[in-house]
Protein chains: 4
Amino acid sequence: MEVELLFITPDAEKLIEAAGRTSYLSFEKSSEDSAEAFVRMLIKRNHLSVLEHAYATFRISGISRSFTHQLVRHRICSFTQQSQRYVDESRFNYVEPETIRSNPKAHSTFVNFLNEAKKTYSKLQELGIKNEDARFVLPNAVQSQIVVTANLREWRHIIELRGKPEAQWEIREAAIKMLKELQKHVPTVFEDFEIDERSRTISRG
Amino acid sequence: MEVELLFITPDAEKLIEAAGRTSYLSFEKSSEDSAEAFVRMLIKRNHLSVLEHAYATFRISGISRSFTHQLVRHRICSFTQQSQRYVDESRFNYVEPETIRSNPKAHSTFVNFLNEAKKTYSKLQELGIKNEDARFVLPNAVQSQIVVTANLREWRHIIELRGKPEAQWEIREAAIKMLKELQKHVPTVFEDFEIDERSRTISRG
Amino acid sequence: MEVELLFITPDAEKLIEAAGRTSYLSFEKSSEDSAEAFVRMLIKRNHLSVLEHAYATFRISGISRSFTHQLVRHRICSFTQQSQRYVDESRFNYVEPETIRSNPKAHSTFVNFLNEAKKTYSKLQELGIKNEDARFVLPNAVQSQIVVTANLREWRHIIELRGKPEAQWEIREAAIKMLKELQKHVPTVFEDFEIDERSRTISRG
Amino acid sequence: MEVELLFITPDAEKLIEAAGRTSYLSFEKSSEDSAEAFVRMLIKRNHLSVLEHAYATFRISGISRSFTHQLVRHRICSFTQQSQRYVDESRFNYVEPETIRSNPKAHSTFVNFLNEAKKTYSKLQELGIKNEDARFVLPNAVQSQIVVTANLREWRHIIELRGKPEAQWEIREAAIKMLKELQKHVPTVFEDFEIDERSRTISRG
C-alpha cells in the first residue's frame with residue numbers, strides 16, 4: 001500500500017483562524033502565532049465545523065477492492081477510482097493478507113488461484129468478452145487505486161473510526177499512513193491522535 | 001436479480017403536498033384530489049426539494065459486488081450491505097453476465113473458475129484463515145445483497161442516471177425494476193419516466 | 001411553539017431489523033418481539049447506520065427566524081419553510097423571549113417595536129415595494145413555520161446536540177417536544193434519552 | 001456587498017487532472033498544457049465528480065440575513081457565520097434594497113425604522129436582556145458576514161442556480177461577484193458561464 005498526499009490546504013491553520021474569527025468578529029486578535037492557539041481552542045471546545053474549510057487529498061494505491069468498497073461508504077468525501085469497467089486488468093497486481101502470506105500452504109493456494117484468475121480474465125478477453133464483463137472473475141485481492149479528498153474535520157472522523165482495533169487491517173493501515181502525513185503538515189489539527197506502532201492502532205489522547 | 005420494495009411512505013403525495021404548501025401558507029387549497037396536481041406542478045417547475053420528504057427502501061439481491069461498489073457511490077442514500085468480512089461465503093451464488101452465458105466457451109471457463117474460487121475459499125478457511133482474509137479470493141461475480149433507502153427526489157436522480165444507455169447493464173436492470181415499483185406506488189412522482197423494454201433503458205418524457 | 005409529527009415510518013423497528021439483518025444474513029432470528037432487542041443491540045454497539053432507514057417528519061410552527069436559521073444548518077435533513085419572499089407578512093405573529101416577557105419595561109419596548117415593524121412593512125407595501133424587499137424590515141421575532149424530515153440516526157444526533165444546556169432556549173424547547181413524540185412512537189430508538197423538566201434540557205443515560 | 005476570495009486550490013486544474021487520470025490509469029498523457037484540455041473534456045462529457053477535488057472559500061460581507069438564510073440551505077458547503085447570539089449588534093450596518101433606496105418615501109420610512117431598531121436593541125441591552133434575546137428585534141436588513149467553502153463542482157451548481165433571472169437580487173449579485181473571481185483563477189472550469197451585465201444574470205453557453 002502506498003499513500004501519497006496529493007494536496008493539503010497551504011497554511012491550513014491560518015485559513016481556519018480567518019474563517020473562525022468571523023463568528024466572533026474579533027479579527028484584531030489575529031497575530032503571527034495565534035492560529036495554533038485558535039485551532040487548539042476549537043478542538044478543545046469541540047467546535048469542529050470551522051475545520052471544514054481546509055482540505056487534504058490523498059492517492060492510495062496498492063489496495064484491495066475490499067478496502068475501496070469500504071472506504072467509499074464515507075459520504076462526506078470525494079472519490080475518483082480506477083475503473084475496472086474500462087481499464088484492461090490482464091496484468092493486475094494483488095494484495096495478499098499477512099495471515100495468508102505467513103502460512104505456507106495458504107500462501108501457495110492463494111498465489112496459484114490469483115494466477116488462475118489472471119489467466120481466466122485474459123481468456124475471456126480473447127473469447128471476445130468486454131472488460132466490463134470479464135471483470136466479474138476478478139477477486140477482491142486485485143489492486144486498485146483511489147484518490148480521495150475530504151475536509152480536515154472529516155479526516156479526523158475517518159482516522160478515529162478506522163484506526164480503532166476493531167477496524168479491518170487494511171483500512172487501519174491506511175489511516176495510520178494518512179495520519180502521519182497530516183501530523184506532518186497540520187500538526188495542531190491532529191496532535192491529539194496517537195499511533196501505537198506495536199498494535200498498529202490509533203487512539204485519541 | 002431480485003428487487004423488493006421493503007417500504008415506501010404511505011400516501012406519499014399527500015405528505016409532499018402537506019409539506020409543500022407550507023412555503024406558501026395555502027392550506028385551504030388542499031382537497032381530496034389536489035395532491036396529484038400539486039406534485040405535477042412541483043415537477044414541472046423543477047421545485048424538487050419538496051419530494052425529499054417521502055422515502056422508499058429497496059432490498060436488492062442476487063447482484064454482483066461490481067454493482068454494489070458502484071451503487072454505494074450515491075451519497076444521498078443509506079445502505080446496509082451483506083458483509084463479506086463476517087459472513088461465511090463458502091456456499092456463494094454468483095452473477096453471470098449475459099455476454100458470457102451466451103458464449104459456450106466463455107461460459108464453461110467462467111463456471112469452472114467460479115467453482116475453483118469456491119474451493120479455494122473453503123480451503124483457506126480449513127487452513128485457519130479467517131473469513132475477513134479468505135474473502136480476498138472472492139470474485140466480483142459473487143452475489144451480494146444490499147438494502148438502500150433514499151428520498152424520492154434522489155430516486156428520480158438515480159433512476160435517470162442509471163437508466164441511460166451508457167449505464168452498466170446490471171445497474172440499469174435494477175433501475176428499471178425499481179422504477180416499475182415506484183410507478184406502481186407513487187405514479188405521479190415518476191410518470192415522466194418511460195421504460196424502453198427492447199433496449200432496456202429509461203428516458204424522461 | 002407547536003411541534004406536530006406529520007409522519008413517522010410505521011413499524012420503524014421492524015424495518016430497521018429487516019434492513020440490519022441483511023449484514024449478517026440471519027433472517028431466521030426474526031420473531032415477533034425480536035425487533036426491539038435488535039435495535040437495542042445496534043444502539044449499544046453504536047452501529048447507528050441501520051437506523052437511517054427509518055424517518056420522521058415534523059412541522060414546527062410559531063418559531064422565530066433565529067431558530068430556523070440555526071436549524072437549517074443541519075445538512076442531513078430536508079426542509080420546506082414558509083417563504084418571506086412570496087408570502088404577505090403584513091399580519092405576522094411574533095415570538096417573545098421569556099426574559100423579555102417577564103421584564104415589564106423590556107416587554108412594552110418589545111411590543112411597541114414589533115407593532116412599529118408591522119406598520120412599516122405595510123407602509124412599504126403601499127408604497128409599491130414588493131414583499132421580497134419589504135421583508136428587509138421584518139425582525140427575527142416574526143413567526144415562521146418549517147417542515148423538516150430526517151432519519152432516526154440524524155434525529156438522535158440533533159436531539160442530543162440541541163438538548164444540551166448550552167443550546168439556545170428555542171431550539172432546546174423544540175428538541176424536547178420532538179423527543180417526546182419520538183419516544184411515544186419509536187420508544188426503543190430513543191429510550192436512552194432523558195428530559196429534565198426543571199432545567200428543560202436533555203441528557204443521554 | 002463585498003466578496004473576497006479567501007482561498008482557492010492552487011493549480012486546481014493540475015490537481016483535477018492528477019485525480020481524474022486515476023480512473024483510466026493514463027498518467028503518461030499528462031503534459032505541461034494537458035490539464036486544460038482534460039478539464040474541458042470532463043465538463044463536455046458531464047463527468048463533473050472529478051471537479052470535487054478542488055475547493056474555493058469566500059468571505060461574503062455586507063449582506064442581509066435574508067441572504068444568508070437562503071445561502072445556508074446549500075448542503076454541500078461549509079459555513080462559518082457571524083453569530084447574532086454572541087456578538088453585540090448595537091452598532092449594526094444594514095442592507096437597503098434598491099427598490100427602497102430609489103423611492104424617497106420608502107427610503108425615509110426604511111431608514112427611520114432601522115434607526116428605531118438600533119435604539120430598541122440598545123434599550124433592551126440596558127434593561128439587562130442578553131444579546132441572544134435582544135437580537136429578536138433585529139430586522140433581516142442587518143448586515144451579516146459569512147465564510148463559505150465549497151468544491152468547484154458545487155460552485156458551478158450554486159452559480160448556475162443563483163445566477164438565473166428568477167433568483168433573488170442579493171444572492172444573484174453574490175453569484176456574479178464569485179463567478180468573476182473564479183473565472184480569474186480557474187478559467188477553464190468556469191469558461192462556459194457568461195455574465196449579462198445589463199440584466200445582472202448568469203447563463204451557461
Side-chain angles (χ1 to χ4, degrees), chain A residues 64-79 81 83-85 94-110 112-114 116-117 119-130 132-142 144 167-170, chain B residues 64-79 81 83-85 94-110 112-114 116-117 119-130 132-142 144 167-170:
Chain A
S64 74
R65 299 272 298 184
S66 292
F67 169 91
T68 60
H69 202 321
Q70 220 176 338
L71 186 67
V72 300
R73 292 290 298 276
H74 287 284
R75 287 166 288 196
I76 311 182
C77 291
S78 296
F79 301 101
Q81 183 172 6
S83 162
Q84 291 188 333
R85 195 172 169 200
Y94 55 81
V95 177
E96 184 175 6
E98 187 49 35
T99 62
I100 295 181
R101 192 199 312 275
S102 61
N103 176 328
K105 275 190 187 161
H107 173 68
S108 70
T109 303
F110 184 83
N112 289 339
F113 177 73
L114 267 294
E116 197 56 36
K119 275 186 218 151
T120 305
Y121 179 86
S122 295
K123 194 166 170 198
L124 289 173
Q125 286 183 318
E126 284 160 28
L127 289 166
I129 305 300
K130 283 187 184 165
E132 85 163 22
D133 285 343
R135 69 171 159 163
F136 275 66
V137 302
L138 296 176
N140 285 323
V142 169
S144 185
Q168 186 246 0
W169 59 266
E170 207 178 1
Chain B
S64 75
R65 299 273 297 184
S66 293
F67 169 90
T68 60
H69 203 322
Q70 219 177 339
L71 185 68
V72 299
R73 292 290 297 277
H74 287 284
R75 287 166 289 196
I76 312 183
C77 291
S78 296
F79 300 101
Q81 184 173 7
S83 162
Q84 292 188 333
R85 196 172 168 202
Y94 55 80
V95 176
E96 184 175 5
E98 186 50 35
T99 61
I100 296 181
R101 192 200 312 273
S102 61
N103 176 329
K105 276 190 186 162
H107 173 68
S108 69
T109 302
F110 183 82
N112 289 339
F113 177 73
L114 265 295
E116 197 56 35
K119 276 187 217 148
T120 305
Y121 179 84
S122 295
K123 194 167 171 195
L124 290 174
Q125 286 183 317
E126 283 160 28
L127 290 166
I129 306 300
K130 283 187 186 163
E132 85 163 24
D133 285 344
R135 69 170 158 165
F136 274 67
V137 302
L138 296 176
N140 285 325
V142 168
S144 186
Q168 187 246 358
W169 59 267
E170 208 178 0

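In the text below, chain A, chain B and the rest are named by the order of the sequence lines, each starting its count at 1. Atoms considered below: every heavy atom in the structure, side chains included; atoms not considered: hydrogens, waters and symmetry mates.
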Between CZ on residue A/F113 and CD on residue B/E116, distance to nearest 0.5 Å
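CD of B/E116 is found 7.0 Å from CZ of A/F113.
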Roughly how far, to the nearest 0.5 Å, is CG of B/L71 from CD of B/Q168?
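The CD atom of B/Q168 sits 11.0 Å away from the CG atom of B/L71.
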Between [X] and chain A, with a heavy-atom cut-off of 4.5 Å, which part of the residue counts as in contact: side chain, backbone, both or neither?
{"X": "B/R85", "result": "side chain"}
{"X": "B/K123", "result": "side chain"}
{"X": "B/V142", "result": "neither"}
{"X": "B/L124", "result": "side chain"}
{"X": "B/D133", "result": "both"}
{"X": "B/E126", "result": "neither"}
{"X": "B/E132", "result": "side chain"}

Donor-acceptor pair, B/N103 side chain versus A/I129 backbone, under 3.5 Å?
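Side chain of B/N103 to backbone of A/I129, a donor-acceptor pair under 3.5 Å: no, none is there.
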For B/F79, does its backbone N or O pair with a side-chain atom of A/R73 as donor and acceptor, under 3.5 Å?
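Yes: the side chain of A/R73 pairs with the backbone of B/F79.
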Region of [X] in contact with chain B, defined by heavy-atom distances below 4.5 Å:
{"X": "A/S102", "answer": "neither"}
{"X": "A/E98", "answer": "neither"}
{"X": "A/L138", "answer": "both"}

Please give me the minimum heavy-atom distance between A/A141 and A/L114, naming the atom from each residue.
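Closest approach of A/A141 to A/L114: CB-CD1, 4.3 Å.
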Max heavy-atom pair count under 4.5 Å with chain B, selected residue of A/A117, A/A134, A/G128
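Ranked by contacts with chain B, first place is A/A117.
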Derivation and outcome, side chain to side chain contact (heavy atoms under 4.5 Å, CB included), residues A/T99 and B/K130:
CA-CA 8 Å; A/T99 62; B/K130 283 187 186 163; over 6 Å; no
Top of B/R135, B/K105, B/H74, B/E96 for chain A proximity - count of heavy-atom pairs under 4.5 angstrom:
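Heavy-atom pairs under 4.5 Å are most numerous for B/R135.
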I'd like to verify something: which residue of B/R75, B/H69, B/K119 has the highest number of heavy-atom pairs under 4.5 Å with chain A?
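Option with the top pair count is B/H69.
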Could you tell me how the ring of B/Y94 sits relative to the ring of B/F110: parallel (under 30°), tilted (30 to 60°) or perpendicular (over 60°)?
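Taking B/F110 first and then B/Y94, their aromatic rings stand perpendicular (interplane angle over 60°).
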Only counting residues at least two apart or in another chain, list the ones meeting side chain to side chain donor-acceptor pair (under 3.5 Å) with A/S64.
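Checked A/S64 against side chain to side chain donor-acceptor pair (under 3.5 Å); matches are A/E170.
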Is the closest side-chain heavy-atom distance between A/Q84 and B/N140 below 4.5 Å?
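SC-SC contact between A/Q84 and B/N140 confirmed.
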